[in-house]
Amino acid sequence: MEKICGAVRLSPESSTTARLLLPLTRNLSRQHGVVSFNRLVGVRLPHRHLTSLTALTTHCSPSPSPLVSASVATETSAIVIDGKAIAKQIRDEITEEVSKMKNAIGVTPGLAVILVGDRKDSATYVRNKKKACESVGINSFEVRLPEDCTEQEVLKFISDFNDDPSVHGILVQLPLPSHMNEQNILNAVSIEKDVDGFHPLNIGCLAMRGREPLFVPCTPKGCIELLHRYGINIKGKKAVVIGRSNIVGMPAALLLQREDATISIVHSRTKNPEEYIREADIIISAVGQPNMVRGNWIKPGAVIIDVGINPVEVSRNLWSFASYLIISLTASVATETSAIVIDGKAIAKQIRDEITEEVSKMKNAIGVTPGLAVILVGDRKDSATYVRNKKKACESVGINSFEVRLPEDCTEQEVLKFISDFNDDPSVHGILVQLPLPSHMNEQNILNAVSIEKDVDGFHPLNIGCLAMRGREPLFVPCTPKGCIELLHRYGINIKGKKAVVIGRSNIVGMPAALLLQREDATISIVHSRTKNPEEYIREADIIISAVGQPNMVRGNWIKPGAVIIDVGINPVEDTKSPRGYRLVGDVCYEEACKVASAITPVPGGVGPMTIAMLLSNTLVSAKRIHNFQ
Ligand code: NAP
């Protein structure tokens, strides 16, 4: 196993301002096509740092025994990541780029800062940001409003800055006075000028694969920048983020996962956080609890990015290997146990019955029938079957369905025209574009065109962003992961405080499933194709949601006795005995797992029927919301 040597610390206040300036220049490059942001990112570590890191690495035994490593660790002196120096380097690069831009097109980047109230700390932050702007040649605009001003006044300034061509970034200093709705205010900042990266649309794109946020929140971006500039490899590493706040923990975890780390997110409801931390190659701590992370919680050689306001003192002589986790669970331990079979078909029927009743109530009370529009492009047989099933399901509960079938070679514009018509049609409360689309179409453009109020699939990045953020509520949650959680709820399975592993990180299942579990206070780890030894994570889990698409990948001896398994996988395997020549199996080897787990979904008949039930539920919820019907 490759080891990272040398614990690394970031002093908390080190590069805050540089982190803010980076997205601002990036924004300008987008608007004016001049500044090359990549140059900033591509700069390598100063030679002396590389040398010391390499020297430390060679001290490590390639596969250290605990004892050897412990002694290695005590001799090793951690490299201190010098955030101040890196921030200066970045500011120098920005100064050069800003000047180039002025000379080339006569444009000076501009940052507007809005400060409400008279908190001393906020005033200091704003003053520092202003000074930093001046130092690199960026214009700064400042608005100070009294503590008792109204939300409308703040919104008016934001709107003016949104329209002002000399402003390229807008920052509202947090926290706002308690009588203001932070969400309304942050959402009002134009997405193109959201240099803080806090808009849920930016967060949604950060969470989704294949999407690129316009901006990434400054502090977590700074953490990753430090790892990059110190040449620290992230891919394939075990990373733990401590804290799940909207501004640091959550986006830091998403950024690490984008770089192919396997992440676990520890928070205040996590039992025994040290168990996760001891396993990590990279730790980003954003808790604000002084000295919470102790030396003997740290794997020797781990890289530590300490974002805490109270710097954590990591004393090297406390490093110890005494608490390595020993995993010795085998299927044989629990051969006597027979798992409860989670009957998705029965639960889905129960939900459909409830929906039928609600739809009928709504018709009688206000004369409105919920309506679902489905757009199918091309003639894939599986897609046609899914659409047919959705239509049938709508009929069975009394929801109207509208179907548009377009030929494989139709244009993106034609699809967009139908979406636009459905967006405007008051009898349609949900719009679903059957995926996959033909390859000549841009899926992102098409899904983004669906009105957020009718996005019953929950795939719009704004919905995903709200799902990822604490204190935000998505209008819709993607159907399959919602169905998984619904099964856990209806079987009375407690999620809070549990260890949950999600296998797979797709936009439609894995990623939103993990976000949902975390919203319910599970401590999540997300395993994907770049995870080394996935079984190590899976063996620790109380709840496993698997969405991989690999038949029988998860074996019985990968499962902790008593774990709950939700198997989303639907995989055809050859079966000569079946009239179709194949049968469907899950990602989890059912025959083995049902002897170890306490509850398990079968395939078929588990998660599958729940997806359509959740689609019907989302359509009903949408109709109720649009017509304000309780
Ligand atoms: P997907 O987009 O192909 O994503 C698969 C995920 O699994 C990826 O994140 C991938 O990692 C990860 N993965 C692949 N091989 C792995 C391995 N050996 N170890 C660990 N992780 C691995 O698939 P999806 O759309 O999420 O669907 C997953 C499964 O669920 C499929 O069988 C699908 O048919 C089924 N499904 C069922 C329903 C339902 O209603 N029941 C709905 C949707 C999907 P990378 O990200 O690194 O590539």
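One-based numbering, in listed order, for ligands and for the atoms of each.
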For [atom], what is the nearest protein heavy atom, given as residue, atom name and distance?
atom	answer
atom 40 (O) of ligand 1	T611 OG1, 2.6 Å
atom 3 (O) of ligand 1	V548 O, 4.4 Å
atom 42 (C) of ligand 1	T480 OG1, 3.3 Å
atom 1 (P) of ligand 1	S506 CB, 4.0 Å
atom 12 (C) of ligand 1	G504 CA, 3.9 Å
atom 21 (N) of ligand 1	H528 C, 3.2 Å
atom 37 (C) of ligand 1	V568 O, 3.1 Å
atom 9 (O) of ligand 1	R505 N, 2.8 Å

Can you name the nearest heavy-atom pair linking [X] to [Y], along with the distance?
X	Y	result
S383	Q434	CB-CG, 3.8 Å
S617	I355	N-CD1, 3.5 Å
V266	P273	CG1-CB, 3.5 Å

Exercise for the section: Answer with side chain, backbone, both or neither: which part of N507 has a heavy atom less than 4.0 angstrom from an atom of ligand 1? Expected result: neither
Completion exercise
Logged contact type for D260 with ligand 1, heavy-atom cut-off 4.0 Å, is neither
Problem - All side-chain hydrogen bond (donor to acceptor under 3.5 Å, both in side chains) counterparts of S451, not counting sequence neighbours - result: E453
Problem - All side-chain hydrogen bond (donor to acceptor under 3.5 Å, both in side chains) counterparts of S401, not counting sequence neighbours - result: none
Problem - Shortest heavy-atom approach to atom 43 (C) of ligand 1 - which of I612, I538, V509 - result: V509
Fill in the blank from the handout: Min over S529, P604, P572, P534 of heavy-atom distance to atom 47 (O) of ligand 1 lands on S529
Which of the numbered atoms in ligand 1 are below 4.0 angstrom from a heavy atom of [X]?
X	value
Q550	15 (N)
N571	32 (O)
M553	17 (C), 18 (N), 19 (N)

Practice task
Look up atom CD1 in I600 and atom CD1 in I340, then write down how far apart they are to the nearest 0.5 Å.
Solution key: 12.0 Å
Practice task
Please answer whether the main-chain N or O of K499 pairs with a side-chain N or O of D542 as donor and acceptor at a distance below 3.5 Å.
Solution key: yes
Check if [X] has a non-hydrogen atom at a distance under 4.0 Å from any atom of ligand 1.
X	result
G510	no
I570	yes
M610	no

Exercise for the section: Please report the C-alpha distance between R490 and E354 in whole Å, then the side-chain angles of each, then the deciding distance to 0.1 Å, and finally whether the salt bridge (charged side-chain N to carboxylate O under 4.0 Å, His left out) criterion is met. Expected result: CA-CA 14 Å; R490 297 213 178 206; E354 291 160 11; 2.9 Å; yes
Practice task
Take H489 and E520, measure what side chain to side chain donor-acceptor pair (under 3.5 Å) needs, and give me the verdict at the end.
Solution key: CA-CA 11 Å; H489 284 172; E520 306 236 358; 2.9 Å; yes
Handout entry: Distance-only side-chain donor-acceptor flag, R211 / N448, under 3.5 Å
Key = yes
Exercise for the section: Would you mind checking if R519 and E473 are paired as a salt bridge, meaning a charged N to carboxylate O distance below 4.0 Å? Expected result: yes
